[in-house]
2 protein chains.
Amino acid sequence: MNYNILLKEHHLKVTPQRLGILSFMHKAGHINIEDLFTQLKKEFTSISLATLYKNIHAMLGVELLKEVQIPHEKPKYEITKTPHAHLLCQKCGNFEDIFLDVDTMLNNVAKQSNYELKESSIIYSGICPKCQDNH
Amino acid sequence: MNYNILLKEHHLKVTPQRLGILSFMHKAGHINIEDLFTQLKKEFTSISLATLYKNIHAMLGVELLKEVQIPHEKPKYEITKTPHAHLLCQKCGNFEDIFLDVDTMLNNVAKQSNYELKESSIIYSGICPKCQDNH
DNA sequence: GTATTTGCAAATGATTTGCAGTGCT
DNA sequence: AGCACTGCAAATCATTTGCAAATAC
């Protein structure tokens, strides 16, 4: 993925810090501020938390990133992609995307509720296949 | 609803503060710490934030309460009821329950993902019927 | 060259903790 | 009576802000 272009498309200036944020975010899939900062420190010894927060907000503002709220956890961030749901393993903590037909679900709920629905935030939690085996 | 019994069933001692928390929580449906504290202050002039936090955590621990995380908002709390999803109006902020067939959805996703799913956290956002009219 | 971004330090805000006194069962 | 709960004050943790220097375009 070309983060350079991604930033420009969203009218954000390209800086090494921003490229680093996107690169680690992509590698992790979903990551919270604290873990992201730890990772970034390895490559940018001088990066500050303030910069990280400012950039996360800038990228959220232009919808380059999306915030994901797992109950009882600190928010995680992901690069915006096609609408999807999430799976959380309550045992090992694995957190992953699942590309359900979110649109169909949205339409059904819209009909039932008379809301004009735009988006959904969906997390399913349970035990992942691996953890079922190592019961 | 008898909060006295509700607390005892969950092995928590009955105190005026806890009864107050549950009563306001029920009245509001979903409420965050700050708003709940403001409400409580009216009835219990001496209640402290520390007490509120401690009690919220105690009640979460025994699953008498559930935390609901709306992206970009402070967590709200609700009294645990049968599994359901939530609707958020992006215009007026109205936040309500919707009793979809959460179990069927859970089973479908379980099949597709091979996760052994236990619960889901679902929020649909859009424009509520009222706000559509006052467009 | 100008506007934006960075990193620091300080400020703010939210939540937690320790402890002495009080209240529940 | 004994243990749990309350409220206060202080401590901790997370996030934001202001500003001078550095950097992107």
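All heavy atoms count here, side chains included; hydrogens, waters and symmetry mates do not. Each chain gets a letter, A, B and so on, in the order the sequences are listed, and its residues count up from 1.
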Name all pairs fulfilling the salt bridge (charged side-chain N to carboxylate O under 4.0 Å, His left out) condition that reach into [range], sequence neighbours left out, sorted by first residue then second.
range	answer
residues 106-125 of chain A	A:Lys66-A:Glu119, A:Glu116-A:Lys118
residues 21-46 of chain B	B:Glu34-B:Lys74
residues 77-86 of chain B	B:Glu78-B:Lys81, B:Lys81-B:Asp97

Write down the distance between [atom1] ([X]) and [atom2] ([N]), rounded to a whole number of angstrom.
X	N	atom1	atom2	answer
A:Ile21	C:dG7	CD1	C1'	13 Å
B:Leu52	D:dC8	CG	C1'	15 Å
A:Lys54	D:dA14	NZ	C1'	15 Å

What's touching nucleotides 10-14 of chain C from the protein side, N or O pairs under 3.5 Å?
| from | atom 1 | to | atom 2 | distance (Å) |
| --- | --- | --- | --- | --- |
| C:dA14 | OP1 | B:Lys74 | NZ | 3.4 |

Pairing residues for [X] by the side-chain hydrogen bond (donor to acceptor under 3.5 Å, both in side chains) criterion, not counting sequence neighbours:
X	answer
A:Asn107	none
B:Ser46	none
B:Asn114	none

Quick one: does any side-chain atom of A:Ser120 pair with a main-chain N or O of A:Ile122 as donor and acceptor, under 3.5 Å?
no

Does a side-chain N or O from B:Asn55 land closer than 4.0 Å to OP1 or OP2 of D:dT6, or not?
yes

Does A:Gln17 put a side-chain nitrogen or oxygen below 4.0 Å from OP1 or OP2 of D:dT23?
no

Report which part of the nucleic acid A:Pro75 touches: base, sugar-phosphate, or nothing (heavy-atom distance under 4.0 Å, all strands).
nothing

Check each residue of residues 38-51 of chain B for a non-hydrogen atom within less than 4.0 Å of any atom in DNA chain D, then write out the ones that pass by number, or none.
B:Ser46, B:Ile47, B:Ser48, B:Ala50, B:Thr51

Strictly below 4.0 Å, heavy-atom distances to any atom of DNA chain D: list the hits from residues 5-15 of chain B, or just say none.
B:Lys13, B:Thr15

Position toward the 5' end of DNA chain C (nearest nucleotide), B:Asn4 or B:His57:
B:His57

Tell me every residue that passes ring pair (Phe, Tyr, Trp, His ring centres under 6.0 Å) with A:His26, counting only those two or more places apart in sequence or in another chain.
none

Let me check something: any side-chain donor-acceptor pairs from residues 17-25 of chain A under 3.5 Å, sequence neighbours excluded? List them with distances.
| from | atom 1 | to | atom 2 | distance (Å) |
| --- | --- | --- | --- | --- |
| A:Arg18 | NE | A:Asn55 | OD1 | 2.7 |
| A:Arg18 | NH1 | A:Lys13 | O | 2.9 |
| A:Arg18 | NH2 | A:Asn55 | OD1 | 3.1 |

Can you pull out every ring-ring contact (aromatic ring centres under 6.0 Å, His included) where at least one residue sits in residues 93-112 of chain A? Sequence neighbours excluded, please.
A:His30-A:Phe95, A:His84-A:Phe99, A:His86-A:Phe95

Side-chain contact test, heavy atoms from C-beta onward, threshold under 4.5 Å: evaluate it for A:Leu117 versus B:Leu87 and give yes or no.
yes

